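As the structure is a computational prediction, the values presented were derived from the model and not from experiment. Per chain, numbering begins at 1; letters A, B, ... match sequence-line order.
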Amino acid sequence: MTTDDRLLVIIAGPTAVGKTSAVISLAGLFNTEIFSADSRQFYREMKIGTAAPSPGEMASVKHHFVHHLSISEPYNVSRYEEDVLALAGKLFPEHPVLLMAGGSGLYINAVCHGIDQLPDPDPEIRRQLKETFTASGIEPLRRELTLLDPEYARHVDLANPARLLRALEVCRATGLPYSRLRTSRPVHRNFRILKVGLELPREELYERINGRVDAMMQAGLFEEALALYPFRHLNALNTVGYKELFDHFEGLTTLEHAVDKIRIHSRRYAKRQMTWFRSDQEITWFHPQEVEKMAEFIRRNNQD
RNA sequence: GGCGUCGUAGCUCAGCUGGUAGAGCAGAGGACUGAAAAUCCUUGUGUCACUGGUUCAAUUCCAGUCGAUGCCA
């Protein structure tokens, strides 16, 4: 069975640009459902700080990959890719068009271009590597990588501990050089993909971000973060909006300063997202309110 | 009103005894294959408040003006 006439439309863009509202309108026009590609909206305990769709929005259109996990469940891009492909396979027969909205570029890439199949990380190996890094810094990691995978060592950012840690945990677990396993082989999807990007003038986007942080505080972000404080070591909570308040709970900053940091970190996050998406030549850009234009663009590409 | 302190990058401030300036933060640009709202890299020319004076040379010394602030009245 082939579904090559089916279309997955990606709605990408920085945080607070207006993806949620645009994609809900589009879902209405195309009578279809929405996949989220926001790596933090997955977690049901994090509702306010992740600006997840409201209960009303969730009720008006079927959303997938929103609040489907608990913060304590381990999850990663590769599993996301599998889960999305499985669900798309189920839904496409009924829906000529499916929508995916989100700001996590890596997750979107995994769906569009695939991600290399590698063994799941071994928590014990990861723990040991982290311990080495904490105790002795990045130098031992560099040395080990140069030894185990000289090829990758030539290309990685040797100043980035996260990259080195990841490569080493794969080398150690498999006994093979990480670069050998990173084939980046192009995958074939049995549906077509269309990428829509949403953008606003920088100043306007930053105003929206600032406004949204205030709105989150009024909606009870403080209480939400306080309830999650005991779980602050979980990766899911290494997230803008929570970690800054955790600092305040620990007495490291005033509340005012913490909220200020949330604004700053949200802006920087948005900037990184824009850097990521800007370099993606497959994206066609729209103003978030040009829903009609987007719909037309989708229809046009859906006929070919 | 008197005395003192201060006025340097968007913000907070460094600049010893004169040779036209430099940090942190913010901002900007970039990277990115299982932590990705993560992680990391690059990036600092601005009437040194204003006006005069001294000097070969003044952000730096002197005088005045304006502004901020503190103490005394």
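- The two atoms that bring A:Ile209 and A:Ala16 nearest to each other are CG1-CB, 3.8 Å, heavy atoms only.
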**Audit row: A:Arg263, A:Asp214, salt bridge (Lys or Arg N to Asp or Glu O under 4.0 Å) steps and yes/no** = CA-CA 9 Å; A:Arg263 291 194 195 93; A:Asp214 294 338; 2.8 Å; yes
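- An OP1 or OP2 oxygen of B:rA26 is reached within less than 4.0 angstrom by no side-chain nitrogen or oxygen of A:Arg267.
- Distances shorter than 4.0 Å separate none of the side-chain N or O atoms of A:Lys130 from OP1 or OP2 on B:rA35.
- A side-chain contact (heavy atoms from CB on, under 4.5 Å) with A:Arg192 is found for one member of A:Asn302, A:Leu8, A:Val97 and no other, namely A:Asn302.
- The phosphate of B:rG29 (OP1 or OP2) has a side-chain N or O of A:Arg202 nearer than 4.0 angstrom.
- Contact annotation: side chain of A:Lys271 to base of B:rG29, donor-acceptor pair present below 3.5 Å.
- Look at B:rG34: its glycosidic torsion is within 90° of 0, and that puts it in the syn range.
- Within the 4.0 Å cut-off from OP1 or OP2 of B:rG30, at least one side-chain nitrogen or oxygen of A:Arg278 is found.
- Note on A:Arg268: a side-chain N or O is less than 4.0 Å away from OP1 or OP2 of B:rG27.
- Side-chain contact of A:Ser179 with A:Asp149: a donor-acceptor pair under 3.5 Å is present, judged by distance alone.
- Residues A:Gln273 and A:Pro14 share a closest heavy-atom pair of OE1-CA, 3.2 Å.
- Nucleotides B:rA26 and B:rU12 place their P atoms 15 Å apart, quoted to the nearest Å.
- A:Tyr178 comes within 4.0 angstrom of the backbone, heavy atoms only, and of no base.
- A sub-4.0 Å separation between OP1 or OP2 of B:rA26 and a side-chain N or O of A:Tyr206 is absent.
- Whole-Å rounding puts the A:Tyr269 OH to B:rG29 C1' distance at 19 Å.
- B:rU51 sits 16 Å from B:rU59 when the C1' atoms are compared, rounded to a whole Å.
- Rounded to whole angstrom, the span from the CG atom of A:Leu165 across to the P atom of B:rA36 amounts to 14 Å.
- Judged by distance alone, with hydrogens and angles left aside, A:Arg163 brings no side-chain donor or acceptor close enough to the base of B:rA35 to form a pair under 3.5 Å.
- At the heavy-atom level, A:Ser266 lies nowhere under 4.0 Å from the strands shown.
- Following rounding to the nearest Å, A:Arg79 (CZ) and B:rA35 (P) show an atom-to-atom distance of 13 Å.
- When A:Phe35, A:Tyr80, A:Tyr75, A:Tyr43 are each tested for a ring pair (Phe, Tyr, Trp, His ring centres under 6.0 Å) with A:His68, only one passes: A:Tyr75.
- Taking atom C1' in both B:rA9 and B:rC71, one finds a spacing of 33 Å when rounded to whole Å.
- With B:rG34, B:rA36, B:rA26 as the choices, the nucleotide that has an atom nearest any side-chain atom of A:Arg40 turns out to be B:rA36.
- A:Asp116 comes within 4.0 angstrom of a nucleotide base, judged by non-hydrogen atoms across all strands.
- B:rA21 and B:rU8 have their C1' atoms separated by 8 Å, with the value rounded to a whole Å.
- Comparing B:rC25 with B:rG44, their P atoms are spaced 14 Å from each other, to the whole Å.
- When the side-chain nitrogen and oxygen atoms of A:Arg166 are compared with OP1 and OP2 of B:rG34, one or more of them lie within a distance under 4.0 Å.
- Contact between the side-chain N/O atoms of A:Ser104 and the OP1/OP2 oxygens of B:rA36 is not found at any separation under 4.0 Å.
- Note: NZ (A:Lys261) to P (B:rG27) measures 9 Å, nearest angstrom.
- Using atom P as the reference point in both B:rC61 and B:rU5, the two lie 12 Å apart (nearest Å).
- Remark: the A:Tyr242 side chain and the A:Glu224 side chain contain an N/O donor-acceptor pair separated by less than 3.5 Å.
- Between A:Val61 and A:Ala27, the shortest heavy-atom contact is CG1-CB, 3.5 Å.
- Comparing the P positions of B:rA28 and B:rA38 gives an interatomic distance of 16 Å, to the nearest angstrom.
- Look at A:Arg272 and you won't find any side-chain N or O under 4.0 angstrom from OP1 or OP2 of B:rA36.
- Aromatic pair A:Phe249/A:Phe222: ring centres closer than 6.0 Å.
- For A:Asn235 and B:rG34, the CG to C1' distance is 11 Å, given to the nearest whole Å.
- Within 4.0 Å of A:Tyr107, counting heavy atoms only, lie sugar-phosphate atoms of the nucleic acid but no base atom.
- Comparing B:rG7 with B:rC48, their P atoms sit 14 Å apart, to the nearest whole Å.
- As rounded to whole Å, 11 Å separates atom P of B:rG27 from atom CG of A:Asp260.
- Note: CG (A:Asp38) to P (B:rA36) measures 12 Å, nearest angstrom.
- Each of A:Arg182 and A:Ala236 lies near RNA chain B, and the nucleotide nearest A:Arg182 is the one positioned closer to the 5' end.
- With rounding to whole Å, A:Ile138 atom CD1 is found 13 Å from B:rU39 atom P.
- Between A:Glu204 and A:Arg208 no salt bridge is recorded (no basic side-chain N to carboxylate O distance below 4.0 Å).
- With pairs defined as Watson-Crick or G-U wobble and both atom distances under 3.5 Å, the stems of at least three pairs that touch RNA chain B come out as B:1-7 with B:66-72, B:10-13 with B:22-25, B:27-31 with B:39-43, B:49-53 with B:61-65.
- Nucleic acid contact class of A:Gly49 (heavy atoms, under 4.0 Å, all strands): base.
- Distance from the side chain of A:Ile115 is smallest for B:rG34 among the nucleotides B:rG34, B:rA38, B:rC40.
- Judged by distance alone, the side chains of A:Arg212 and A:Ser266 never bring a donor and an acceptor atom under 3.5 Å apart.
- In the set B:rA31, B:rU39, B:rA35, B:rA31 carries the atom at the smallest distance from any side-chain atom of A:Thr275.
- Contact annotation for A:Gln117: base contact, defined as any heavy-atom pair under 4.0 Å involving a base atom.
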